[in-house]
Amino acid sequence: MQNIVTIFLLIVTLMLPGCGYNTFQTQDEQINAGWAEVLNQYQRRADLVPNLVNTVRGYASHEKEVLEAVTASRAKVGSIQATPELVNDEQAFAKFQAAQGELSSALSRLMVVSENYPQLKADTNFRDLQAQLEGTENRITVARNRYIAAIKEYNITVRSFPSNLTAMLFGYKTKPSFTVENEKAISTAPVVDFGK
């Protein structure tokens, strides 16, 4: 009896690499690493926001609405628990993505406001923070692209035969990726009219 069990376990062990199990493990780790980098860059941005708001407040204190929107958006982002499990929960992931999008929008409005204050634009602290924020936004884009690529590979494995059988057996499901909120709006080319 023990020989039969041993042979069965040996067969199962030999079949595992060919069924995609190890591929799932590898790709899942790549996704976790990619997600950790995305969170790292978002945290860097969130850390910059209070300093940026304080610097702008010094020159544009009556832009209260914009400053409060940035602060509220940062607080909303901070209230979401960004755990590795978030990538497995589509609704929580969408909520996280919406909060980050809201902060991006608020920061964009803050940068537009800064255009109206030449002294603010000339302030060394503001310029440093603006440069750091721009660099962070670029890092976020790179980290998101790497994460999207890792999700793509993983989801292809989950859906492909015969690894889809392994996925069903071990409960691996497709994971959500980043999307844009205004997909319809950006699919329409902007109209450029210099006649106005």
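The basis for the numbers below is simple: all heavy atoms, side chains too, and nothing from hydrogens, waters or symmetry mates. None of the values given here were measured: they were computed from a predicted structure.
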Any side-chain heavy-atom pair of [X] and [Y] under 4.5 Å:
{"X": "Ser73", "Y": "Gln100", "value": "no"}
{"X": "Phe178", "Y": "Val38", "value": "yes"}
{"X": "Lys152", "Y": "Ser177", "value": "no"}
{"X": "Asp89", "Y": "Lys95", "value": "no"}
{"X": "Phe170", "Y": "Gln25", "value": "no"}

Looking at every heavy atom in both [X] and [Y], which two are closest together, and how far apart are they?
{"X": "Met111", "Y": "Leu133", "result": "CE-CD2, 3.5 Å"}
{"X": "Ala106", "Y": "Val70", "result": "O-CG2, 3.4 Å"}
{"X": "Val87", "Y": "Pro176", "result": "O-CD, 3.0 Å"}
{"X": "Tyr59", "Y": "Thr55", "result": "CD1-O, 3.5 Å"}
{"X": "Leu48", "Y": "Leu129", "result": "CD2-CD2, 4.1 Å"}
{"X": "Ile80", "Y": "Phe96", "result": "CD1-CA, 3.8 Å"}

[Y] and [X] side chains, donor-acceptor separation under 3.5 Å:
{"X": "Thr136", "Y": "Arg44", "answer": "yes"}
{"X": "Asn138", "Y": "Glu134", "answer": "no"}
{"X": "Gln27", "Y": "Tyr172", "answer": "no"}
{"X": "Asp28", "Y": "Tyr154", "answer": "no"}
{"X": "Asn88", "Y": "Lys175", "answer": "yes"}

Subject >> Sole candidate of Leu107, Asn125, Asp128 that passes side chain to side chain contact (heavy atoms under 4.5 Å, CB included) when paired with Leu52 >> reply: Leu107

Subject >> Criterion side-chain hydrogen bond (donor to acceptor under 3.5 Å, both in side chains) on Gln41 and Glu37, from CA distance to verdict >> reply: CA-CA 6 Å; Gln41 296 306 327; Glu37 183 57 25; 2.7 Å; yes

Heavy-atom donor-acceptor pair, [X] side chain to [Y] backbone, under 3.5 Å:
{"X": "Ser105", "Y": "Gly101", "result": "no"}
{"X": "Ser61", "Y": "Gly58", "result": "no"}
{"X": "Asn40", "Y": "Ala36", "result": "no"}

Are [X] and [Y] connected, step by step, through hydrophobic side chains (Ile, Leu, Val, Met, Phe, Trp, Tyr) whose heavy atoms are closer than 4.5 Å?
{"X": "Val142", "Y": "Ile148", "answer": "no"}
{"X": "Val56", "Y": "Val112", "answer": "no"}
{"X": "Val53", "Y": "Tyr42", "answer": "no"}
{"X": "Tyr147", "Y": "Val77", "answer": "no"}
{"X": "Leu165", "Y": "Leu169", "answer": "no"}

What's the spacing between [X] [atom1] and [Y] [atom2] if we round to 0.5 Å?
{"X": "Leu86", "Y": "Gln91", "atom1": "CG", "atom2": "CD", "result": "11.5 Å"}
{"X": "Glu63", "Y": "Ser114", "atom1": "CD", "atom2": "OG", "result": "10.0 Å"}
{"X": "Asn22", "Y": "Ser163", "atom1": "CG", "atom2": "OG", "result": "12.5 Å"}
{"X": "Thr174", "Y": "Ile151", "atom1": "OG1", "atom2": "CD1", "result": "9.0 Å"}
{"X": "Thr71", "Y": "Arg57", "atom1": "OG1", "atom2": "CZ", "result": "5.5 Å"}
{"X": "Gln97", "Y": "Glu90", "atom1": "CD", "atom2": "CD", "result": "10.5 Å"}

Original post:
Between Asp47 and Gln43, is a side chain to side chain contact (heavy atoms under 4.5 Å, CB included) present by the stated rule, with each step listed?
Top reply: CA-CA 6 Å; Asp47 292 344; Gln43 184 61 50; 2.8 Å; yes

Subject >> Audit row: Leu103, Arg74, side chain to side chain contact (heavy atoms under 4.5 Å, CB included) steps and yes/no >> reply: CA-CA 6 Å; Leu103 180 58; Arg74 184 192 179 276; 4.3 Å; yes

**OP:** Kindly indicate, with the supporting measurements, whether the criterion side-chain hydrogen bond (donor to acceptor under 3.5 Å, both in side chains) is fulfilled by Gln30 and Arg146.
**Re:** CA-CA 9 Å; Gln30 287 171 340; Arg146 289 180 182 157; over 6 Å; no

**OP:** Answer yes or no for Lys121 and Phe126: cation-pi contact, defined as NZ/CZ to six-membered ring centre under 6.0 Å and angle to ring axis within 45°.
**Re:**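 So Lys121 doesn't make the cation-pi contact.
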
Original post:
In terms of heavy-atom contacts, does CZ of Arg159 have more than 12 from other residues, nucleotides or ligands at under 6.0 Å?
Top reply: no

**OP:** Step through the shown structure and confirm whether more than 12 heavy atoms of other residues, nucleotides or ligands are within 6.0 Å of CD on Glu137.
**Re:**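 For Glu137, atom CD is crowded (more than 12 foreign heavy atoms under 6.0 Å).
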
